Protein chains: 2
Amino acid sequence: MDSAVARERALDAAEELFYGRGVQAVGMDDVRGTSGVSLKRLYQLFPAKEQLVEAYLERRDARWRGELAAYVERREEPRERILAVFDWLGGWFGEPGFRGCAWLNAYGELGATSARVAARVRTHKRAFREYLASLVAAAGLPGALAGQLFLLAEGAMVTAGVTGSAEPAAEAREAARRLLDTG
Amino acid sequence: MDSAVARERALDAAEELFYGRGVQAVGMDDVRGTSGVSLKRLYQLFPAKEQLVEAYLERRDARWRGELAAYVERREEPRERILAVFDWLGGWFGEPGFRGCAWLNAYGELGATSARVAARVRTHKRAFREYLASLVAAAGLPGALAGQLFLLAEGAMVTAGVTGSAEPAAEAREAARRLLDTG
DNA sequence: AGCAGGGGAGAACGAGCGTTCTCCACAGGG
DNA sequence: CCCTGTGGAGAACGCTCGTTCTCCCCTGCT
């Protein structure tokens with residue numbers, strides 16, 4: 001098996017297991033069993049579990065933001081684009097296997113013990129916030145709105161994760177709509 | 001040492017350590033060292049670590065909501081009371097040693113593996129949401145506002161926890177004010 | 001054919017930690 | 001003064017898990 005293929009399989013397994021059960025509940029041996037990549041190979045590709053966690057978060061970050069942006073860009077109107085963020089969140093929350101925001105979960109588990117993971121979570125959140133800011137700017141709305149929309153989105157993610165309901169996305173969307181209409 | 005005193009000392013130590021470093025990063029031996037309560041006593045009072053975690057969350061829940069309510073009730077005007085929630089959050093975020101919402105942190109660490117802890121987190125969040133709903137109702141505002149304010153508060157907590165800044169409280173307050181003014 | 005080396009399977013190692021056990025000091029009642 | 005039992009200190013046990021090591025197969029080159 002090619003190294004690149006092994007790496008993808010390892011990351012596929014890591015993502016499925018880490019996101020589904022939590023990082024600490026998953027051992028390297030579980031990753032080996034699910035991925036079919038031997039321990040020796042795993043440790044060649046990722047010298048320690050922490051680096052596998054980082055790679056998992058990094059790859060998921062790219063995909064998550066890419067899918068969000070692709071969804072949003074299907075709308076033409078700048079204000080509609082902003083609201084589309086919450087529609088997309090609602091779709092995500094409703095997916096089978098949704099277990100909250102991967103980055104917040106990782107931060108809760110490892111933020112206190114792994115500075116590298118904590119930094120990666122902050123990077124992801126900053127990027128998401130800046131993306132919202134770019135949508136707000138494109139709509140000609142005041143910059144302060146971006147932070148408020150960000151808080152609504154974060155609150156929706158965390159609440160959907162804890163309660164297992166997709167409803168928070170609709171609530172956040174409605175709040176966002178009212179903030180937009182009075183901005 | 002009286003049993004009741006030992007229990008309080010154990011919970012004091014558990015709270016300080018679990019909140020400050022995360023539950024999994026703290027061993028029962030650390031709790032013993034900090035509290036001065038012997039392991040034998042600890043296991044008499046709390047037959048397993050999970051129950052110590054539950055007791056920690058329960059006691060903190062009572063205090064957290066009590067302090068919030070006491071702060072809010074110093075305001076007379078119903079709308080001021082709602083905004084006071086965000087002022088109180090800002091004060092909390094700025095306290096030394098603030099490390100995010102204890103319940104969300106515990107959920108991130110243990111939600112996937114301990115159903116009892118997960119249930120206790122949901123209970124706490126439901127109680128907070130219902131408290132907001134009571135403030136909204138007392139102000140004669142539409143019930144849907146409560147969920148939106150809740151999302152802002154949750155988003156502020158999680159963002160303050162990850163970034164270490166108290167700023168999200170002010171942002172959430174401003175968003176809440178605008179939602180109130182157009183409600 | 002012989003051999004060097006990369007890779008897989010899984011045992012082994014070592015640390016951490018939840019939980020229990022051993023041993024001892026000491027207080028209180030006969 | 002002895003006996004009983006409660007409690008503390010800390011060793012011990014058992015398990016999990018991250019990481020490494022051993023052994024062997026198989027491939028590809030000479």
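This is a predicted model, so every value here is computed, not measured.
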Quick one: label Val31(B) by what it contacts on the DNA or RNA (base, sugar-phosphate, nothing), any heavy atom closer than 4.0 Å.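 No contact.
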Atom-to-atom span, [atom1] of [X] to [atom2] of [N] - whole angstrom:
X	N	atom1	atom2	value
Leu42(B)	dT6(D)	CG	P	19 Å
Phe18(B)	dC17(C)	CZ	P	12 Å
Arg32(A)	dT20(D)	CZ	P	16 Å
Arg9(B)	dG8(D)	CZ	P	11 Å
Tyr43(B)	dG8(D)	OH	C1'	16 Å
Met28(B)	dC17(C)	CE	P	13 Å
Leu52(B)	dG18(C)	CG	P	10 Å
Leu45(A)	dT19(D)	CG	P	14 Å

Any Lys/Arg nitrogen of Glu76(A) or Arg81(A) sitting under 4.0 Å from an Asp/Glu carboxylate oxygen of the other?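 No, no charged N to carboxylate O under 4.0 Å.
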With the threshold set at 4.0 Å, does a side-chain nitrogen-carboxylate oxygen contact exist between Arg7(B) and Asp2(B)?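 No, no charged N to carboxylate O under 4.0 Å.
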Quick one: does Arg32(A)'s side chain have a donor or acceptor within less than 3.5 Å of a partner on Ser38(A)'s backbone?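 Judged by distance alone, no pair lies under 3.5 Å.
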Need to verify one output field. Residue with the more 5' nearest nucleotide on DNA chain C, Leu39(A) or Gln44(A)?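 Whichever sits nearer the 5' end wins; that is Gln44(A).
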Enumerate, atom names and distances included, each donor-acceptor pair closer than 3.5 Å involving a side-chain atom of residues 133-153 of chain B, sequence neighbours excluded.
residue	atom	partner	partner atom	Å
Ser134(B)	OG	Tyr131(B)	O	2.6
Gln148(B)	OE1	Arg178(A)	NH1	3.3

I want to check one thing: is the phosphate of dG7(D), taken as OP1 and OP2, less than 4.0 Å away from some side-chain N or O of Lys40(B)?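 No, Lys40(B) has no side-chain N/O under 4.0 Å of OP1/OP2 on dG7(D).
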